[in-house]
Protein chains: 2
Amino acid sequence: MKSTSINPRKSPKQARARVTFDAILEAATRILQDDGLRKFNTNRVAEVAGVSVGTLYQYFPTKEAILTEIIRQKRKLMLDALKEATQDMARERFEETLDKLLRAAVAHQLRWPKLARTLEYAEAFLPLEHETDALKVAIVETAAAFLAHHQHDTPVQTARDLVGALRGLIESAGLSGETDPAAMLIRARKLSLGYLR
Amino acid sequence: MKSTSINPRKSPKQARARVTFDAILEAATRILQDDGLRKFNTNRVAEVAGVSVGTLYQYFPTKEAILTEIIRQKRKLMLDALKEATQDMARERFEETLDKLLRAAVAHQLRWPKLARTLEYAEAFLPLEHETDALKVAIVETAAAFLAHHQHDTPVQTARDLVGALRGLIESAGLSGETDPAAMLIRARKLSLGYLR
DNA sequence: CAGATATCTAAGTAATTGCTCACATTCCTC
DNA sequence: GAGGAATGTGAGCAATTACTTAGATATCTG
């Protein structure tokens, strides 16, 4: 941890500013979850956030910057959760750590499936910053490191396969109305163990 | 088969018209594969197709109609392939039919991964027609019927899970540059058999 | 060829959208 | 309270976009 200030882009350091910054991100997130990219425009984000367009542009240089910031935050949350899940892997049985990993993945994807899908689509056609791209790599590498620690032969490819397959599984369940993480976890475990056998 | 005429929306029956219709769809498909929804606008579709905007609107009532028609066609291709794959399932071993199904799924998704992702995203925020929606259900039902035929306990949920997981697996491999269907088939088989065990 | 029908053109319109800027308000320090 | 810095406003501009329409061109039928 470097400091206590959160330090949005190039912007304010004070309490009011911080509140506004969060309000904008929250409004944008809600719009993306409800209506996808179609109604995601600066006027509407500003309106939902309860600020003016001018204010919005004091915090984010472009509309895309709002999107990438949301993606960056979500990715960071995911990466941190995976790292925490694997931190004791040296002392744990394989299945134990795997369960922690799956729990994190399920929690991350099942809650806002429409938002998750929108962000994943947006990524594919957005020029992402280095940091955001690095986070994606780090996520797969964290999973790969876990597999490698347990003597898996092709950890990187297998990790990418599993990350993709699990995302597809959880996403399709989430979009068709499932909300129970426990039920999801059982099937995620089955899928993973089956593929790794 | 009802007739030899393809019969776009409400439109022409003659050879010239048929060519134009296909040109528009092909142009739209190429744009979606290359740039996603961002550059998918009627002026550009018309330009790439080599016709005027007016002509485009003689074949499709709205921009969204072009999108839904592409989705409908792709879904129909997929469903037909799956039906063909399962038509002899009564006389075949489980693994034999499964392989045919997986081959169809891999072929369908690995060739144009960016297009596939774009269409899947578009679906989530598009009011689809009855026929298109029915196709989606039919795809899962075809897979479920195969599982049920082999005495699977929860064929519908398992089919949906597998369709989702396989899509995620193939999509993530495709987007990270893989193009070999044979290599993909092996891992798809591993994933499916592992989950079904 | 004449007339009817089918197909196509592209300039134009109204609406939307990303973003700016000249100015207003609030906050901090003395 | 004065003055300056930080933060906020929202009308409005330029660009884009979905779609229309009045008319041109091609094709068919006799």
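Throughout, protein chains are lettered first and strands after them, A, B, ... in sequence-line order, and every chain is numbered starting at 1.
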(message) Without decimals, in angstroms, what is the distance between A:Glu47 CD and C:dT17 C1'?
(response) 14 Å
(request) Rounded to the nearest angstrom, tell me the gap between atom CD1 in A:Ile66 and atom C1' in C:dC19. (result) 11 Å
(request) Apply side-chain hydrogen bond (donor to acceptor under 3.5 Å, both in side chains) to A:Glu171 and list each qualifying residue two or more places apart in sequence or on a separate chain. (result) A:Arg117
(request) Could you list the residues that satisfy side-chain hydrogen bond (donor to acceptor under 3.5 Å, both in side chains) with A:Tyr195, not counting sequence neighbours? (result) A:Asp161
(message) Tell me whether the side-chain N/O atoms of A:Thr20 come closer than 4.0 Å to OP1 or OP2 in D:dG8.
(response) yes
(message) Restricting to salt bridge (Lys or Arg N to Asp or Glu O under 4.0 Å), what partner residues turn up for A:Arg111, sequence neighbours left out?
(response) none
(message) Suppose we screen for ring pair (Phe, Tyr, Trp, His ring centres under 6.0 Å). Which residues come up paired with A:Phe146, at least two apart in sequence or across chains?
(response) A:Phe94, A:His150
(message) Applying side-chain hydrogen bond (donor to acceptor under 3.5 Å, both in side chains), can you list everything that pairs with A:Arg167, at least two apart in sequence or on another chain?
(response) none
(message) So that I can tick it off, tell me whether A:Lys74 and A:Glu123 are bridged by a salt bridge, with the cut-off set at under 4.0 angstrom between side-chain N and carboxylate O.
(response) no
(message) What is the distance, to the nearest angstrom, from the CG atom on A:Leu56 to the C1' atom on C:dC21?
(response) 16 Å
(request) Using salt bridge (Lys or Arg N to Asp or Glu O under 4.0 Å) as the criterion, list what pairs up with A:Asp88, not counting sequence neighbours. (result) A:Arg91
(message) Return a single string for nucleotides 17-23 of chain D, one symbol per nucleotide in 5' to 3' order, where B is base contact, S is sugar-phosphate-only contact and - is none, cutoff 4.0 angstrom on heavy atoms.
(response) SBBBB--
(request) For A:Lys100, check salt bridge (Lys or Arg N to Asp or Glu O under 4.0 Å) against everything at least two apart and list the hits. (result) A:Glu92
(request) Rounded to 10°, tell me the angle between the two end axes of the helix from C:dC1-D:dG30 to C:dC30-D:dG1, each built from five pairs. (result) 10°
(request) Return the value, rounded to whole Å, for the distance between atom CD1 of B:Ile24 and atom P of C:dT7. (result) 12 Å
(message) Side-chain N or O of A:Ser52 versus OP1/OP2 of D:dG10: is the shortest distance under 4.0 Å?
(response) no
